[in-house]
Visitor: 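Dropping a structure here in structure tokens format, bear with me for questions.
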Amino acid sequence: MKTLTRRQQKQIKYFLRDKVDRQKKDEQIREQKLPTFMEQRQPYIRRLARNLDQIIIVDSFHSPELKPHLIDRYLVLAEIENRQALICLNKTDLLENQSEAEEIAALYRSIGYDVLLTSTKSRQGIEELSGLLQGKRSAFAGHSGVGKSSLLNAVSPELQVEVSEISEQTNKGRHTTTQIKIFTLGPLTEVIDLPGIKVLDFIDIHKSEARAYYREFQELNPFCKFSDCLHISEEPCAVKQAVAEGIIDPRRYASYLKFVESLQ
Ligand SMILES: Nc1nc2c(ncn2[C@@H]2O[C@H](COP(=O)(O)OP(=O)(O)OP(=O)(O)O)[C@@H](O)[C@H]2O)c(=O)[nH]1
Ligand SMILES: [Mg+2]
Ligand SMILES: [Zn+2]
């Protein structure tokens, strides 16, 4: 018999796991227990978000590279859970040209999100970040190595949160924070440091719902010809028209298409 490659073995393993999951899902649907099934499979940040005042979405310039599509997925999460989001673009000291930071900050501000440009090295934005934490429960979310724990240390050095260097080979973080850690900074101020997460699944969201979670699409959605327009191939489409006219940024539209593709 031909021996299977490791890749094939892995594929089979995933397939079986999927199959078990599918059978379980069918059973749950039959027994009307779908919400429980979905709930158990939510990424923990979704469940945590409900107990937060704000989600601080951290990303970094160059090391590791900025991942705008991941920022957008975190924003979707904030929209679904109806939480305040603060985008924190860190490591501005690594930029040769600050206009790169200003440009991406302007994009998100134009949609209506708060954006802070920070650096734990030059301390840009740290006082402001500290101010925005006061009186709230916030969690720092983002992929590994972007500087979530370092930002906490910059705000409150006495916390002495563990951080480590980016891997030189991969230019990625080393998953230094492995557990959720809650710190109390004042009587009403709590901050939560999260392990790096770069995969955010939305198993309970249907493709047709995606358009509700891209904030700048919301006011255009009713003007598409079809009330359930996905803004992909339907015509006429108010969102596609807004992209063509430069009202919606093509990067956000591309990220939306990728997001829809990733859904059921
Ligand atoms: N140049 C520069 N480096 C930074 C900055 N902030 C953090 N770093 C460095 O980035 C590396 C990773 O920082 P961490 O704080 O451990 O990152 P993290 O997001 O907590 O990573 P995980 O815990 O793995 O999710 C460390 O070497 C930090 O010194 C910054 O503003 N500028
Ligand atoms: Mg960390
Ligand atoms: Zn449309």
Side-chain angles (χ1 to χ4, degrees), residues 44-45 55-67 70-71 74 88-96 98 101 116-129 139-157 159-168 170-183 191-200 207-212 214 216-245 247-248 252-253 256-257 260:
Y44 66 82
I45 180 150
I55 305 172
I56 303 181
I57 303 167
V58 187
D59 206 343
S60 68
F61 292 105
H62 296 325
S63 154
E65 285 304 325
L66 199 73
K67 290 186 167 50
L70 187 60
I71 298 179
Y74 276 109
C88 183
L89 303 176
N90 192 36
K91 309 199 188 185
T92 53
D93 58 289
L94 296 181
L95 285 172
E96 269 179 35
Q98 292 296 313
L116 259 190
L117 296 177
T118 59
S119 164
T120 62
K121 306 290 175 198
S122 74
R123 293 195 61 83
Q124 179 186 4
I126 301 300
E127 286 309 309
E128 215 177 332
L129 174 62
F140 285 70
H143 56 290
S144 179
V146 294
K148 300 176 293 296
S149 304
S150 304
L151 284 164
L152 269 170
N153 286 334
V155 168
S156 287
L159 297 180
Q160 301 199 0
V161 190
E162 189 191 353
V163 304
S164 61
E165 296 293 316
I166 299 300
S167 155
E168 271 181 32
T170 64
N171 196 33
K172 288 182 184 160
R174 298 175 192 271
H175 291 280
T176 312
T177 306
T178 53
Q179 285 178 328
I180 299 177
K181 293 226 175 77
I182 306 180
F183 302 97
V191 286
I192 300 172
D193 190 17
L194 295 174
I197 330 170
K198 70 165 184 195
V199 180
L200 261 186
K207 279 183 197 304
S208 60
E209 283 177 76
R211 59 197 223 129
Y214 272 63
E216 68 275 47
F217 294 10
Q218 286 169 1
E219 60 180 20
L220 294 165
N221 285 330
F223 296 102
C224 295
K225 180 174 181 196
F226 303 102
S227 61
D228 57 351
C229 183
L230 289 178
H231 317 314
I232 300 175
S233 50
E234 305 91 332
E235 293 289 350
C237 166
V239 166
K240 280 196 288 180
Q241 194 182 332
V243 177
E245 287 172 9
I247 299 164
I248 286 179
R252 281 276 290 178
Y253 180 64
Y256 164 80
L257 292 180
V260 173

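Side chains included, hydrogens not; waters and symmetry mates left out as well; all remaining heavy atoms used. All residue numbers in this chain count up from 1 along the given sequence. Remember, it's 1-based here, ligands and their atoms both numbered in the order they're listed.
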Visitor: Pick one: which of Leu257, Asn221, Val243, Val260 meets side chain to side chain contact (heavy atoms under 4.5 Å, CB included) with His231?
Guide: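 Between His231 and the candidates, side chain to side chain contact (heavy atoms under 4.5 Å, CB included) is satisfied uniquely by Asn221.
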
Visitor: Would Asp193 and Ser149 count as having a side-chain donor-acceptor pair, cut-off 3.5 Å?
Guide: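 Yes - a donor-acceptor pair under 3.5 Å links their side chains.
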
Visitor: Considering only N or O atoms, set out every pair between ligand 1 and the protein closer than 3.5 Å, with distances to one decimal place.
Guide:
from     : atom 1 : to     : atom 2 : distance (Å)
ligand 1 : 1 (N)  : Asp93  : OD2    : 2.8
ligand 1 : 6 (N)  : Asn90  : ND2    : 3.2
ligand 1 : 6 (N)  : Thr120 : OG1    : 2.8
ligand 1 : 10 (O) : Lys91  : NZ     : 3.0
ligand 1 : 13 (O) : Ser150 : OG     : 3.4
ligand 1 : 15 (O) : Ser150 : N      : 2.9
ligand 1 : 15 (O) : Ser150 : OG     : 2.5
ligand 1 : 16 (O) : Ser164 : N      : 3.3
ligand 1 : 17 (O) : Gly147 : N      : 3.2
ligand 1 : 19 (O) : Val146 : N      : 3.3
ligand 1 : 19 (O) : Gly147 : N      : 2.9
ligand 1 : 19 (O) : Lys148 : N      : 2.9
ligand 1 : 19 (O) : Lys148 : NZ     : 2.8
ligand 1 : 20 (O) : Ser149 : N      : 3.0
ligand 1 : 20 (O) : Ser149 : OG     : 3.0
ligand 1 : 21 (O) : Gly145 : N      : 2.9
ligand 1 : 23 (O) : Thr177 : N      : 2.9
ligand 1 : 23 (O) : Thr177 : OG1    : 2.8
ligand 1 : 24 (O) : Ser144 : OG     : 2.6
ligand 1 : 24 (O) : His175 : N      : 3.2
ligand 1 : 24 (O) : Thr176 : N      : 2.9
ligand 1 : 25 (O) : Lys148 : NZ     : 2.8
ligand 1 : 25 (O) : Gly196 : N      : 3.1
ligand 1 : 27 (O) : Ser164 : O      : 3.4
ligand 1 : 29 (O) : Lys121 : NZ     : 3.3
ligand 1 : 31 (O) : Asn90  : OD1    : 3.3
ligand 1 : 31 (O) : Asp93  : OD1    : 3.4
ligand 1 : 31 (O) : Thr120 : N      : 2.7
ligand 1 : 31 (O) : Thr120 : OG1    : 3.2
ligand 1 : 32 (N) : Asp93  : OD1    : 2.7
ligand 1 : 32 (N) : Asp93  : OD2    : 3.4

Visitor: Just do the side chain to side chain contact (heavy atoms under 4.5 Å, CB included) check on Val163 and Thr176 with the steps written out, would you?
Guide: CA-CA 6 Å; Val163 304; Thr176 312; 5.5 Å; no

Visitor: Classify the ring geometry of Phe217 against Tyr253: parallel below 30°, tilted from 30° to 60°, perpendicular beyond 60°.
Guide: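 Tilted: the ring planes of Phe217 and Tyr253 meet at 30° to 60°.
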
Visitor: For residues Lys91 and Pro64, determine if any side-chain heavy atom of one lies less than 4.5 Å from a side-chain heavy atom of the other.
Guide: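 Contact flag for Lys91/Pro64 side chains = yes.
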
Visitor: Under 2.8 Å from the Mg ion (ligand 2), protein N/O/S atom count?
Guide: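 There are 2 of them.
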
Visitor: Can you tell if the side chain of Leu151 reaches within under 4.5 Å of the side chain of Cys88, non-hydrogen atoms only?
Guide: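 The answer is yes, as the side chains (C-beta and beyond) meet within the 4.5 Å cut-off.
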
Visitor: Can you find a pair of side-chain heavy atoms, one from Pro195 and one from Thr178, that are under 4.5 Å apart?
Guide: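 No; the side chains remain at least 4.5 Å from each other.
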
Visitor: Run Ile56 and Leu129 through side chain to side chain contact (heavy atoms under 4.5 Å, CB included) and show every step you take.
Guide: CA-CA 10 Å; Ile56 303 181; Leu129 174 62; 4.2 Å; yes

Visitor: For the Zn ion (ligand 3), which protein N/O/S atoms are closer than 2.8 Å?
Guide: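 As for protein N, O or S atoms lying under 2.8 Å from the Zn ion (ligand 3), they are Cys224 SG, Cys229 SG, His231 ND1, Cys237 SG.
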
Visitor: Is a donor from one side chain sitting under 3.5 angstrom from an acceptor on the other, for Asn90 and Thr118?
Guide: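 There is such a pair (donor and acceptor under 3.5 Å, judged by atom type) between the side chains of Asn90 and Thr118.
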
Visitor: For a side chain to side chain contact (heavy atoms under 4.5 Å, CB included) with Leu89, tell me which candidate from Leu116, Leu66, Leu95 qualifies.
Guide: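 Between Leu89 and the candidates, side chain to side chain contact (heavy atoms under 4.5 Å, CB included) is satisfied uniquely by Leu66.
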
Visitor: Taking the side chain as every heavy atom from C-beta outward, state whether Asp59 and Ile57 have any pair of such atoms under 4.5 Å apart.
Guide: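 Side-chain contact under 4.5 Å: no.
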
Visitor: Got a sec, which residues hit side-chain contact (heavy atoms from CB on, under 4.5 Å) with Glu96, two or more places apart in sequence or on another chain?
Guide: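 Partners of Glu96 by the side-chain contact (heavy atoms from CB on, under 4.5 Å) criterion come out as none, since no residue qualifies.
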
Visitor: I'd like to check Ile248 versus Tyr256 (side-chain heavy atoms, cut-off strictly below 4.5 Å). Are they in contact?
Guide: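 When only atoms from C-beta onward are counted, Tyr256 and Ile248 do not touch, as no gap falls below 4.5 Å.
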
